[in-house]
Amino acid sequence: MNGFQENGSPRTATPARQGAFSPYYLYRRGTLGPAALDGLTPVRTWTLLAEAERTRQRREELRGRLEDALHTAVPALPADRRRELLRLRRDIHNDRVPGVPDAARLLDPATRELLEEWLRQRAEGHRLQKEAEAALAAELDDGRRTLAAVAAGELFQRGLQLSDERTWRTVTEWAADPFSPRRKPSKRRRAENTLTSFAYRVALKPSPFASFTEIGAAPWTTDAAVVPVDGPRARPVQARLSAGLLSWMTYELRRLDRADELMQIRLNHSLLVQGEKAMCVRRAPDGAPEAAYGAAQVVAARDTGLLRLLRSLLADGARPEREVRDRLTAAGLSPEAAATALDKLVRAGICERGLGIPDQHPRPALAVAQRLRALDTEQAGRCAVVFEQLQAAEDAFPAAPVRRRADLLAGMREQVAVFTDTVGCPAPAPEALRSVVYEDVGTRRPARTWRPEVLHANRWALELFQRIVPVLDDATVEKAGLYAFFVRHFGEDADAVPFVEFYRRFAALPPAEASAVASGVGDPHADRIRALRAGLAGLLRTQFHAHRASENDPHGELRLDADRLRGFAERLPAEIAPWRSTAYRVQFTTGPERPYAVVNGVTTGHGVFFSRFCDLLEPDAPHEWSLTEALRGHIARTTPRQCDITAVLGLNFNLHPRLSPLELVYPGSTARTADDTTLTLADLAVRAEPDRRTLTLVSTRDGRPLDLVPLNFLYPAAAPVLYRLLCAFAPTRTYRGGLWDQLDRADAVAGRAAGLTRVPAEPRTLPRALLGDLVLDRASWRLPAADVPGLEGLERQEAAALAAFGDWLGRQGIPRHTFFRLTTPPPVPAGQRDLLAETRQWALEARTARLHKPHYLDARNPFLLQVFARRLAEAGPDATVTFQECLPHPADLDDDPHTGAEEFFVEHTLALPAPTPARAPEEDPDARP
C-alpha cells in the first residue's frame, strides 16, 4: 500500500525522542487448555458428512445430465408413455425415489446407466447420512464424558463455585451422571451450555476470575526472566472477604449497646473554612443503604463556636464518640444537648462516625474483631466472634479443596445470620450474600508466548496511536465541556478555585444540565473535537473503501497509511493532548507467518491495571523481583506528582497497596497513614489552562499541579458523580471496542444528524486492520441475527443442521474458528447524555454481560453451536451478530490440557513533549529486544 515499505514500516522516518515501556509486564492465562476440550469436536461425524456432501455433489451433476437426457427422450415416446417419463423426471428433480420403478424400460442404455448411477449415489448418500447421525450420537456422548471430566477438575470447580454456587451444584450434579434418564432434555442442554461456555472462556479468553485464570508478572528484561517454580509456591492464591459485605456489617455496629465507646468521631476530611463560612462534601458512609448510588452533597454552615471547638478537639485525629460528648459537656453543653448536636453534625456531614479502619486495610475483619474485643460487652463479644470466624474462613479458603470451600462459604453466611440476630438489624439483600469471598490466583511460571521484540520493533506505531486515540476518547469531549463550565462560572483568568466550590457549582446543576456539560453541548470546542472525530472516521473509511476496491481478497489485511495518520496527528490542536501513559492488552501470533501483536484493549497506563495484583504476586524472599517495588519506583521516577484515591467503595478489585507518591482521601474514607503525602478535597483547587483549554488540579499546600490517577478497576460510569468528576482530571479509559467500532459510532452520529431514531444493522465484511505489525482490529463479519439459519436444529444438535450451518458460513466467507458477539443497538440518543442513566445502564449490562461478551465458536463443535443458537434466541431478532477471526488461532496453543491462551498487559509512556513516530525499526538501534 502507498506510504509503506515492504515490511509495513513507515517510509518517512525522522529522528525523535522515543517513549519507553514500563519495566514490567503482566500476563494472564487460562488454567484449562483447548487440548482438554478436543473430545467435544466430533471427527468421524464430519468425515462422514464430508463424504455425504461429495456424494450429493456427484448426484447433483448426474441429475443435471439425467434431466437433460429425459427431456430429450420424452418427445420420442408415444403420447401414452410420456406421462411415466415426465413423472420420473419430476421425481429426480425433487431428489425423490422414482415412483415409476419400471420406467427404466423406456430409456436407452446410456440414459438407463445414468439413472442407475444416480440411484446408487442417492442410496450411498442416504447411507452416509444415517451413518453420520449414528456417529454423531456416539461422539456427542464422548463429548459429554469430556465435559464431565472438565467439570470434575479441582481448579475448574473452584472457579465455577465462586461464579455462582447454584450453577456449580447444577453442573456438578450433571457431571456425576451426564446420561441420567431422569433429567429433562432442557435441563441437560442448560447444564451442557453453561459448562461449555465456561470451559472455552477459561481456555481462550482469560480474564482475572478466581482459579479460572492465573496471573503472573515479570520484569521487562531479557536477563531476569521468571524462573519456573514447582510446588505450592508455583501458584499463590489470595482470598478476601467481600469488601461490600464487611462495609455493611461495620456500618450496622452503630446499633450495639455502648456503641459510642466503639465508634470514632472525626472531622470531615473535606471541611474548608473561609472566614465565617464552613463547607464540606458529605457522602453516605460505606455500607449505608443510600451509599450505593447516592450523590455526594456539598454542605455549607456557619463557623460557629461549637464547630471551632470541635475543630480544636479533633485537630489531631478521631476520638471515641463518648469522649467527644464528654468534652462538649465539659465545655458547657448539657449531656442531651451534646448528644443532639453531635448527631446533627454527623447527619449534616460536618463530622463522620465510624470505626476508623483504613479502607485499604489488608485484614479488616480481624481489625474489627479487635475493636469489638476492646469494648468488653457480651453483645460486642458475640460480634467479635463473628468477625473472627469470618477472618478464619478467609485465611483457610486459599488452601481448601472445593468441598471444604462449600462448607466455608456456608459458614460465612451463617455468621452473617448470627450477626444480624445479635445486632438486631435486617438481613442483607440476597445479592449481597451471593459473593462473600473473592479470589485471585497467581503464577510463578513464565509466559510462553511473550514476544517483546515485536513491540520494540513497532514502538513507532504505539506512539502514533497514542497521539490519535484521544480524538476517539469520549472523555476528551467531557473535559472540554467541564472547561467551558468552569470559564462560565469563574473566568479563564481566575485564580485557582477550591475544588469543593467547583464541585458545589457542578452538583447544583439539574441532571439534564450536568449531562449537557459532560456532553459539551453548545461548546464550539467540543464541536471541534467531534468534527475531528468525524474526520478521522472519514480517513479510516477512505482507506477501507480503497482496500476493498484494490484487493482481490476482501477479508485480507488493511495496512493503515502511517503518513496520513501522522499528518492527522500533527494537525491536532493543543487541547487534544496525547495519552502519555497507555496500557495495551495484547496477544502475539505464534505461527510461522510474520508475527503480530494483536491489540485486544487500550486503556489508562500509570500502573492502574497492575496495582490490583501486587499483593497476590508478592515475592517469597526479599531478594526476589517485586511487582510492587517495580511499580512504586517507576511511578516515582516518571510521575513524581501522581496521586491515588483511597476509595474502595465496597469493591474488592479496588484493593491494592500504597504505590503512588501522593494519596487523596475520598470523603468518608480512611487512609492507612496521614502525613504530608496525604491530601483531602480541602487541599485541592482547580485552575484553568487557557493555552491547552484544560483544567488542572493543584495542591493548595504547595501550589503545584497534581497528576490524579485512581489506581483501581472501577469504570467511571459505575461510580458516583463526585468520583466521576474527579476522574475528569485523571487519565481516562474510555476508548471502547476496536477500530471498526469507532466507525460504527461515527455512523450512529451521522444517523442522528440525519434524524434517524435507530441506526439499522447492515451486513458488513471488515478486513484485519494493522498499523505496522499491530493488529488494531480483527477481520470481522457483521449481519442481522435473523439471517442465521437453522437455529432450532443447531440447538437440538442435528447432523443435517450442523452441515447446513457450516455450508452457510462458507458461503458468507466466515472461517470455521471465530468469536461471536451479539449486540442490540439502542435507539440513537437525541442529544445529551444522562449521567445517572449511564450508571444504571452500566449496572444492567454488567448483569447480562454473557449476552454481549465475545464467545468462541468452532463451527464443527456441536456443543458450541448449541450455545450459539441459545444466545441468538435470547438476544432476539433485532440483534446483530458479529463474527471475528481467531487471532491468534487456537491451533497455535500448546497441547498442555492445563494451559490456556495468554494475554499480556504492557505499558508504554510517551516522551515529553510528545514525539513524532520513531525511525523505521530496521534503522533504529533501540528497536532490538
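Positions are given from 1, in the same order as the sequence printed here. Because only heavy atoms are used, hydrogens play no part in the values below, and waters and symmetry mates are left out as well, while side chains stay in.
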(request) Measure the CG-CG distance between L679 and D644 for me, rounded to the nearest 0.5 Å. (result) 11.5 Å
(request) Spell out, as yes or no, whether a donor-acceptor pair under 3.5 Å connects the side chain of N652 to the backbone of A243. (result) yes
(request) Taking all non-hydrogen atoms of both residues into account, name the closest pair between R158 and A399 and its distance. (result) NH2-O, 4.3 Å
(message) Check whether T213 reaches the backbone of S207 with its side chain - one donor and one acceptor, N or O, closer than 3.5 Å.
(response) yes
(message) If you define the side chain from C-beta out and look only at heavy atoms, does anything of L617 sit under 4.5 Å from L26?
(response) yes
(request) Please report the shortest heavy-atom distance between Q264 and L355, naming the atom on each side. (result) CG-O, 3.7 Å
(message) Quick one: does any side-chain atom of T582 pair with a main-chain N or O of H908 as donor and acceptor, under 3.5 Å?
(response) no
(message) Determine whether a donor-acceptor pair (N or O, by modelled atom type, separation under 3.5 Å) exists between the side chain of E902 and the backbone of R29.
(response) no
(request) May I ask you to check whether T628 and E618 show a side-chain donor-acceptor distance below 3.5 Å? (result) yes
(request) Kindly indicate whether the side chain of W168, heavy atoms from C-beta on, has any atom under 4.5 Å from the side chain of V402. (result) yes
(message) In the structure I gave you, are the side-chain heavy atoms of L774 and Y584 within less than 4.5 Å of one another anywhere?
(response) no
(message) Looking at R373 and E388, is any side-chain nitrogen of the basic one under 4.0 Å from a carboxylate oxygen of the acidic one?
(response) yes
(request) Take atom CG of D895 as the centre, draw a 6.0 Å sphere, and report whether it contains more than 12 heavy atoms from other residues, nucleotides or ligands. (result) no
(message) Once you measure the plane-to-plane angle for F21 and W220, does it fall in the parallel (<30°), tilted (30-60°) or perpendicular (>60°) bin?
(response) parallel
(message) Strictly distance-based, threshold 3.5 Å: is any side-chain N or O of Q642 a donor or acceptor partner for the main-chain N or O of S660?
(response) no
(message) Just so I know, are the side chains of N600 and V598 near enough to count as touching, which here means a heavy-atom distance under 4.5 Å?
(response) yes
(request) Give a yes or no on whether a salt bridge exists between R283 and D286, defined as a side-chain N under 4.0 angstrom from a carboxylate O. (result) yes
(request) For R201, check salt bridge (charged side-chain N to carboxylate O under 4.0 Å, His left out) against everything at least two apart and list the hits. (result) none
(request) Indicate yes or no for a side-chain donor-acceptor contact from Q415 to the backbone of Q389 under 3.5 Å, with no hydrogens or angles considered. (result) no
(request) Examine distances only and state if a side-chain atom of R28 and a backbone atom of P206 form a donor-acceptor pair shorter than 3.5 Å. (result) yes
(message) Centroid separation under 6.0 Å, is that true for the rings of W450 and Y25?
(response) yes
(message) Tell me if a side-chain donor or acceptor on R641 pairs with a main-chain N or O of P705 at a distance below 3.5 Å.
(response) yes
(message) Assess the residue pair R266 and T670 against the criterion (side chain to side chain donor-acceptor pair (under 3.5 Å)); give the C-alpha distance rounded to whole Å, side-chain angles, the decisive distance to 0.1 Å, and a yes or no.
(response) CA-CA 10 Å; R266 67 183 182 199; T670 302; 2.4 Å; yes
(message) Quick check: closest heavy atoms across L245 and A432, and the distance to 0.1 Å?
(response) CD1-O, 4.5 Å
(message) Within this structure, what is the OG-CD1 distance for the pair S581 and I635, rounded to the nearest 0.5 Å?
(response) 9.0 Å
(request) Taking the side chain as every heavy atom from C-beta outward, state whether F499 and L726 have any atom pair closer than 4.5 Å. (result) yes
(request) Taking all heavy atoms of T449 and all of F588, pick out the closest pair and write down the distance. (result) O-CD1, 3.3 Å
(message) Is it the case that the side chains of H606 and D707 hold a donor-acceptor pair, with the cut-off being a distance below 3.5 Å and no angle test?
(response) no
(message) Are the side chains of L372 and L253 in contact, using a 4.5 Å heavy-atom criterion?
(response) yes
(request) Quick one: do D359 and S669 satisfy side chain to side chain donor-acceptor pair (under 3.5 Å)? Show the steps, please. (result) CA-CA 6 Å; D359 288 39; S669 295; 3.0 Å; yes
(request) Can you measure from CG (L409) to CG (L433) and round to the nearest 0.5 angstrom? (result) 11.0 Å
(message) Between T677 and R658, does the side chain to side chain donor-acceptor pair (under 3.5 Å) criterion hold? Intermediate values first, please.
(response) CA-CA 11 Å; T677 64; R658 173 75 181 267; 3.0 Å; yes
(request) Supply the atom-to-atom distance L462 CG to H456 NE2, rounded to the nearest 0.5 angstrom. (result) 10.5 Å
(message) Checking the side chain of R704 only, and the main-chain atoms of S699 only, is there a donor and an acceptor separated by less than 3.5 Å?
(response) no
(request) Any chance you could measure E439, atom CD, to L616, atom CG, to the nearest 0.5 Å? (result) 9.5 Å
(request) Compare all side-chain heavy atoms of Q587 with those of V775 and state whether any distance is below 4.5 angstrom. (result) no
(request) Could you tell me whether the side chain of Q360 and the main chain of P657 form a donor-acceptor pair under 3.5 Å? (result) no
(request) For residues L160 and F212, report the shortest heavy-atom separation together with the two atoms involved. (result) N-CZ, 3.2 Å
(request) Taking all heavy atoms of L711 and all of H656, pick out the closest pair and write down the distance. (result) O-CE1, 2.6 Å
(message) Is any side-chain heavy atom of F610 closer than 4.5 Å to one of L659?
(response) no
(message) Below 30° counts as parallel, above 60° as perpendicular, anything between as tilted: where do the rings of F419 and F387 land?
(response) perpendicular
(request) Before accepting this row, confirm whether a basic side-chain N of the pair E394/R240 lies closer than 4.0 Å to the acidic partner's carboxylate O. (result) no
